[in-house]
Amino acid sequence: MNPDSFPTILELPLEEPVLVFTIAMAVFLVGPLLVKRFGQPGIVGIVVFGALIGPGALNVVEHSDAIELLGSVGLIYLLFTVGLELDLRGFKEAPENAALFGLVSFFLPFTVGTFATHTVLGLDLWAALLLSSVFASHTLLAYPIVNRLGVTKNRAVTAVFGGILFTDTLALIVLAIVTGATEGELSVFLFAQVGFALLVLFASVWLVLPRASRWFFQSFSEESYFEFLFVMVAIFAAASLAEVLELAPILGAFVAGIALNQLVPEGGTLMNRIEFVGNAFFIPFFLLHVGMLVDLGVIFDGPTTLQIAGLIIGVMIVTKGGAAWLVAKIQGYSASERNVIFGLSTGQAAAALAITLVGYDAGLFGSAVLNAVVLMLLVTALVSPWLTERAATQLALERDVGDGDGDGKDPNILLPLSHHAELQERLLELAFVIKGDSGTEPVNVMTVVQPDRGGSTEAQIAAVQSDLDEIAAAGSAAEIPIQTQTRINHNVASGVVQGAVEVQANQIIMGWDATRSFRHRIFGSIIDQVLRRTTLPVLVSRLGHPINTTRRIFVVVPIGADHHEGFYEAVHLVKRLASGLGAELNVVVVEGSAHQFEQLFDLVEVDVPAEFESIDAWNGLLPWLESETDDDDLIVAVSPRRGDVGWHTELEDLPARLAELPPESFIAIHPRQGEPEYDRQYLRLK
């Protein structure tokens with residue numbers, strides 16, 4: 001390189017692409033690490049550093065077209081993740097609670113805010129409407145706090161989670177109406193046009209995307225990154241459709257996130273890739289883009305920004321507090337529950353900046369409003385976690401503590417795999433769903449090699465270890481700890497059982513190929529021997545489709561199984577599966593009372609709604625399942641071991657019969673033996 005070119009490269013603002021990209025990566029790394037030392041969310045650091053290096057301050061980096069492009073992509077990606085991570089199950093369980101909180105929490109701040117910003121600040125009516133919608137919605141900044149304290153299933157917290165579906169959707173609808181009105185005159189035709197466009201968008205995405213995604217996930221499983229690329233296409237196709245319909249692209253991305261919500265289970269490899277790419281690349285570029293739009297001079301040159309920030313922060317806190325009080329009064333929430341929803345609903349983050357940025361680009365807001373929203377972000381980043389921490393701690397102390405607290409809820413899973421087994425990734429994904437996204441215990445993947453007198457044992461071990469290394473890589477992609485080992489044993493079942501003892505596993509998952517064990521009683525010699533030699537719960541699985549595409553789970557419970565010492569652990573496992581997959585739960589009781597088992601299921605933690613049916617005799621079970629189940633359903637049979645309480649001779653050939661049904665996917669849960677005290681930890685205390 002010519003030495004004379006160095007001054008050009010180092011001339012401010014920097015324009016050299018590689019150097020600008022390096023600085024951006026450094027901001028993404030240093031900014032969050034620095035502000036987290038002061039107890040603030042990492043996104044604040046990126047925005048602040050973006051403001052410092054941008055044209056409004058030190059002017060180190062030019063706010064180029066490339067940064068704007070990546071910022072727009074990050075904005076769309078951000079709204080997709082908001083829709084993807086909504087608690088749809090919490091919303092379905094009590095939609096009236098979520099609707100009440102969402103509507104009150106939105107319209108009270110929105111109404112008061114519109115009046116205040118229009119009359120006090122003198123903003124144009126459309127600008128006042130859009131700015132009020134920014135702080136009328138909320139972002140769950142303090143979610144990690146309620147998750148850490150174990151109060152996420154509280155009725156009030158669940159209402160906040162479901163309410164965000166209303167607040168965010170209403171804010172985006174206001175955005176669509178306001179941006180449409182600013183481009184033309186307000187009329188009935190405009191509302192009809194926006195309503196029709198919203199109908200087309202929601203109908204197209206919700207009807208097409210889940211079906212297309214389910215088909216793709218079931219048909220293409222050669223390379224897992226194809227699933228991520230498919231999701232990327234879905235995000236931006238939905239955003240493009242919204243743009244064609246003259247709606248904000250972020251609304252399309254948000255709807256796409258909701259449509260894929262139940263097809264991307266928490267704790268799985270795909271969810272981890274989506275979050276990783278978003279958190280490490282796309283969303284930081286959006287935050288950097290927003291930060292570079294901030295003009296620090298506007299803040300310090302005059303009182304306008306501070307006045308706007310003071311007004312919107314004051315209105316937001318007062319009205320959010322009023323909404324929390326009103327909802328608590330109507331629903332009969334305790335003081336701690338009221339304070340928790342107040343703390344959670346005051347959180348504002350990148351979603352608020354997203355709407356503000358659209359208004360800024362449309363000319364509705366000036367730089368003073370943009371800077372005021374950034375200040376609001378900084379203030380709420382302090383207030384929301386502080387309020388939530390205090391209230392959630394009190395709520396956790398008020399909660400009954402007893403046998404329901406135990407280590408079994410974070411299972412230490414043993415997953416024995418055959419070197420020749422197919423569909424190993426599906427078994428691994430099943431383990432990931434059972435683990436969820438908050439466990440710390442590992443998934444122990446093991447292969448037992450039988451020594452070969454011909455001298456090829458070492459070659460077998462090398463081939464097995466190569467396969468296990470690939471499995472470990474899949475676990476790393478899902479951020480779930482995986483421990484692999486190869487064991488040498490003449491008897492495979494003995495190796496599996498001994499391995500479970502050595503790793504202190506409390507659950508075993510095994511795969512079954514129905515075509516290879518026709519001459520054996522139930523599953524074949526190896527699985528049957530494992531069932532006889534261990535008292536641990538064993539899940540024997542045959543997955544004919546990827547686990548994340550499961551729409552409904554049908555649970556077969558034989559009469560008498562409720563008296564088995566491992567029954568409640570099995571119920572907890574079923575509920576955990578349904579919750580992780582977002583699948584409908586249907587319980588079929590054979591020769592027993594549906595109402596009785598409904599009460600028993602309700603005793604077990606993990607709140608999942610379920611439908612209960614009774615079948616009078618075993619000969620009616622399979623015809624009923626055949627008529628009710630579809631290809632993407634999962635059948636789970638609670639199957640006590642031979643001779644245990646709840647065992648029936650019909651269970652002997654049930655797996656082979658289930659393999660012939662349309663789903664071709666089932667799990668036989670053989671409950672834990674001999675530890676009734678262990679089972680009590682899964683019961684909730686009334």
Side chains of Asp562 and Gln596, donor plus acceptor under 3.5 Å = yes
Give the C-alpha distance, both sets of side-chain angles, the deciding distance and a yes or no for side-chain contact (heavy atoms from CB on, under 4.5 Å) between Ile283 and Thr81.
-> CA-CA 10 Å; Ile283 296 174; Thr81 59; 4.2 Å; yes
How about Arg672 and Asn506: do any of their side-chain heavy atoms sit closer than 4.5 Å?
-> yes
Taking all heavy atoms of Ala323 and all of Ser105, pick out the closest pair and write down the distance.
-> CB-CA, 3.8 Å
Given side chains that start at C-beta, do those of Leu78 and Phe282 come closer than 4.5 Å, heavy atoms only?
-> no
Check Asn548 against Leu581 and note the closest heavy-atom contact, atom names and distance.
-> CA-CD2, 4.0 Å
Correct closest heavy-atom pair for Thr549 and Pro546 would be OG1-O, 2.8 Å
Output for pair (Asp633 CG, Arg551 CZ), nearest 0.5 Å, gives 6.5 Å
Of all heavy-atom pairs between Glu569 and Asp679, which one has the smallest distance, and what is that distance?
-> N-OD1, 2.7 Å
State, with a plain yes or no, whether a side-chain heavy atom of Val160 is found less than 4.5 Å away from one of Phe101.
-> yes
Can Leu603 and Tyr568 be said to form a side-chain contact (heavy atoms from CB on, under 4.5 Å), step by step?
-> CA-CA 9 Å; Leu603 293 174; Tyr568 293 115; 4.2 Å; yes
Beyond-backbone contact of Leu130 with Val358, side-chain heavy atoms, under 4.5 angstrom = no
Got a list of side-chain donor-acceptor pairs under 3.5 Å for residues 250-257, not counting sequence neighbours?
none

Please report the C-alpha distance between Ile313 and Phe135 in whole Å, then the side-chain angles of each, then the deciding distance to 0.1 Å, and finally whether the side-chain contact (heavy atoms from CB on, under 4.5 Å) criterion is met.
-> CA-CA 8 Å; Ile313 292 171; Phe135 57 80; over 6 Å; no
Between atom CD1 of Ile274 and atom OH of Tyr77, what is the distance when rounded to the nearest 0.5 Å?
-> 5.5 Å
Please report the C-alpha distance between Glu337 and Leu395 in whole Å, then the side-chain angles of each, then the deciding distance to 0.1 Å, and finally whether the side-chain contact (heavy atoms from CB on, under 4.5 Å) criterion is met.
-> CA-CA 7 Å; Glu337 290 174 320; Leu395 191 61; 3.7 Å; yes
Is a donor on one side and an acceptor on the other found under 3.5 Å between the side chain of Gln681 and the backbone of Tyr678?
-> yes
Drop me the distance from Leu175's CG to Leu170's CG, to the nearest 0.5 angstrom.
-> 12.5 Å
Using the ring of each side chain (for Trp, its six-membered ring), is Phe106 parallel, tilted or perpendicular to Phe110, with breaks at 30° and 60°?
-> parallel
Going by heavy atoms in the side chains, are Met271 and Leu84 under 4.5 Å from each other?
-> yes
Which class fits the ring pair Phe567 and Phe601: parallel under 30°, tilted 30 to 60°, perpendicular over 60°?
-> perpendicular
May I ask you to decide if Leu108's main-chain N or O and Thr111's side chain share a donor-acceptor pair within less than 3.5 Å?
-> no
Mind listing the closest non-hydrogen atom pair of Ala570 and Val638 along with its distance?
-> CB-CG1, 4.5 Å
Can you sort out the partners of Phe281 under ring-ring contact (aromatic ring centres under 6.0 Å, His included), two or more places apart, ordered by chain and number?
-> Phe285
Would you check if the side chain of Arg576 reaches a backbone N or O of Lys435 as a donor-acceptor pair within less than 3.5 Å?
-> yes
Among side-chain atoms of Asn586 and Glu613, is any donor-acceptor pair under 3.5 angstrom?
-> no
Evaluate the side-chain proximity of Ile667 to Leu577: yes if any heavy-atom separation is below 4.5 Å, no if none is.
-> yes
For the residue pair Ala259 and Val205, what are the closest heavy atoms and their distance?
-> CB-CG1, 3.9 Å
Would you check if Val48 and Leu34 make a side-chain contact, meaning some heavy-atom pair closer than 4.5 Å?
-> no
